[in-house]
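Bear in mind that the values here come from a model prediction, so they are computed numbers and not experimental data.
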Amino acid sequence: MSIEIKLSRFNRIYRPDEILEGKLIARLTSAISYQSIRLTVNGTVNLQVRGGSAGVVESLYGVIKPIPIVKKVVDVRSSGKIGSGITEIPFSVILKDPKEENLEKFYETFHGGNISIQYLITVDVVRGYLHKSLSATTEFIVESEKDNLPQKPVSPETVIFYITQDTQKHALLPELKSGGFRVTGKICTQCSLVDPLVGELTVEKSAIPIQSTDIHLLRVESILIGDRISTESTLMQTTQIADGDVCRGLTLPIYIILPRLLTCPTIFAGPFSIEFKVSIVITFLLDQSKKHKKVADPKAPKSWVAMESVPLELVRTM
């Protein structure tokens, strides 16, 4: 015996002002009686501070309570029977009822390291004390409602960057400092979630051969704990722009598809914030780099790597 939830949309994407609908599919080897069939919709912002990322507040791990967004309980059917075989039971739930006061703003679905915004729908076929209830849970994805979207198209905003031995804040190998290099280009600092992250990059000069040119997409998650803010940056995605040394003066295009569940519109809420950054990373081909593969801090910039980071604002446009 089993029961599952099949939503009306295969991509499971809904907006708060839309109706969440679908079918409950029961597969039974024999008929059963039930007291009620109940649907529960839960939306929460889950916050955590992982050990080692917040210093003195590590002891508070697990203390942060989830922030409720929405909770609805709907009785699909009262007591009755479900026959053997496959039975489909339709349902519909209004996510954001104008007549009701919302617990919190409907943030978009996001799966981060310390912050997770998740919406779940659960069905329970309650059969009484002598029988175990049948249950199923599935996640659906929430995007910003259309009324909150920009009325005019959002034009991508770009910034010009340049990378030289003098712009690096971390230590470089002597060969890089004496030989010198210069990489210039431009990249988006404001981008729609439905559009690719675009830009361009040019290696103007480099006395040392380049091993790889990459674009790193990072998320910056901040959580307010008491009077302190715990912030952690993590790498989400790496896209290689060029493999090996490249011709000097050749313009390389930057074109990156944003990962859906790992990104969301930039959020600045009271107890938490979700921001994003883009890093242009140039790795040089040096024999010394092979001897320095193992470092004490894996997150620290390597002495044979040059980089430049810029903030990235993500917005929903459709």
Side-chain angles (χ1 to χ4, degrees), residues 50 52-53 112-113 156-191 195-221 231-259 262-263 266 275-314:
R50 295 182 294 179
S53 66
E157 296 183 4
T158 60
V159 65
I160 297 175
F161 65 85
Y162 64 95
I163 307 172
T164 70
Q165 65 276 10
D166 298 324
T167 63
Q168 303 306 294
K169 298 180 181 179
H170 64 283
L172 295 174
L173 291 176
E175 292 86 346
L176 291 176
K177 296 205 69 172
S178 61
F181 53 89
R182 181 178 176 87
V183 178
T184 62
K186 60 182 180 180
I187 195 167
C188 283
T189 56
Q190 184 185 62
C191 181
D195 295 330
L197 176 67
V198 296
E200 59 184 40
L201 177 147
T202 303
V203 180
E204 295 186 1
K205 66 175 184 177
S206 178
I208 306 298
I210 295 175
Q211 181 179 355
S212 181
T213 304
D214 304 278
I215 303 295
H216 292 177
L217 181 62
L218 302 98
R219 63 180 173 234
V220 183
E221 299 169 286
T231 300
E232 184 173 5
S233 298
T234 52
L235 176 63
M236 292 191 302
Q237 177 175 288
T238 297
T239 303
Q240 189 177 53
I241 302 302
D243 183 16
D245 208 8
V246 297
C247 297
R248 306 302 182 251
L250 178 65
T251 299
L252 303 175
I254 298 173
Y255 189 95
I256 299 171
I257 303 298
L258 300 174
L262 301 181
T263 56
T266 301
E275 302 169 78
F276 301 92
K277 290 195 303 183
V278 176
S279 292
I280 302 96
V281 182
I282 311 296
T283 304
F284 295 92
L285 184 60
L286 289 169
D287 292 336
Q288 289 88 338
S289 65
K290 299 177 182 178
K291 303 176 184 179
H292 298 81
K293 287 293 183 183
K294 295 181 179 179
V295 293
D297 184 3
K299 295 183 179 180
K302 313 299 186 297
S303 57
W304 58 92
V305 169
M307 64 176 63
E308 181 67 30
S309 296
V310 297
L312 174 64
E313 181 184 1
L314 298 180

If I compare all heavy atoms of [X] with all of [Y], which pair ends up nearest, and what's the gap?
{"X": "L172", "Y": "K177", "answer": "CB-CG, 3.7 Å"}
{"X": "S206", "Y": "R248", "answer": "O-NH2, 3.3 Å"}
{"X": "I241", "Y": "P253", "answer": "CG2-O, 3.8 Å"}

Are the side chain of [X] and the backbone N or O of [Y] linked by a donor-acceptor pair below 3.5 Å?
{"X": "R219", "Y": "T263", "result": "no"}
{"X": "H170", "Y": "S303", "result": "no"}
{"X": "T266", "Y": "L314", "result": "yes"}
{"X": "S279", "Y": "V281", "result": "no"}

So CD1 of I280 and NZ of K186: to nearest 0.5 Å the spacing works out to 13.5 Å

From NE2 (H216) to OG1 (T234), nearest 0.5 Å: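 Answer for the NE2-OG1 pair, H216 versus T234, is 13.0 Å.
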
Kindly state each residue pair satisfying ring-ring contact (aromatic ring centres under 6.0 Å, His included) with at least one member in residues 171-190, sequence neighbours excluded.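 Listed once each, the pairs are F181-F284.
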
Can you sort out the partners of D243 under salt bridge (charged side-chain N to carboxylate O under 4.0 Å, His left out), two or more places apart, ordered by chain and number?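 Partners of D243 under the salt bridge (charged side-chain N to carboxylate O under 4.0 Å, His left out) test: none.
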
Contacts of E313 that satisfy salt bridge (charged side-chain N to carboxylate O under 4.0 Å, His left out) - sequence neighbours left out: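 For E313, no residue satisfies salt bridge (charged side-chain N to carboxylate O under 4.0 Å, His left out) once neighbours in sequence are set aside.
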
Crowding at CD1, I160 (>12 non-hydrogen neighbours, <6.0 Å): no

Can you find a side-chain donor-acceptor pair between T184 and E204 that sits under 3.5 Å? yes

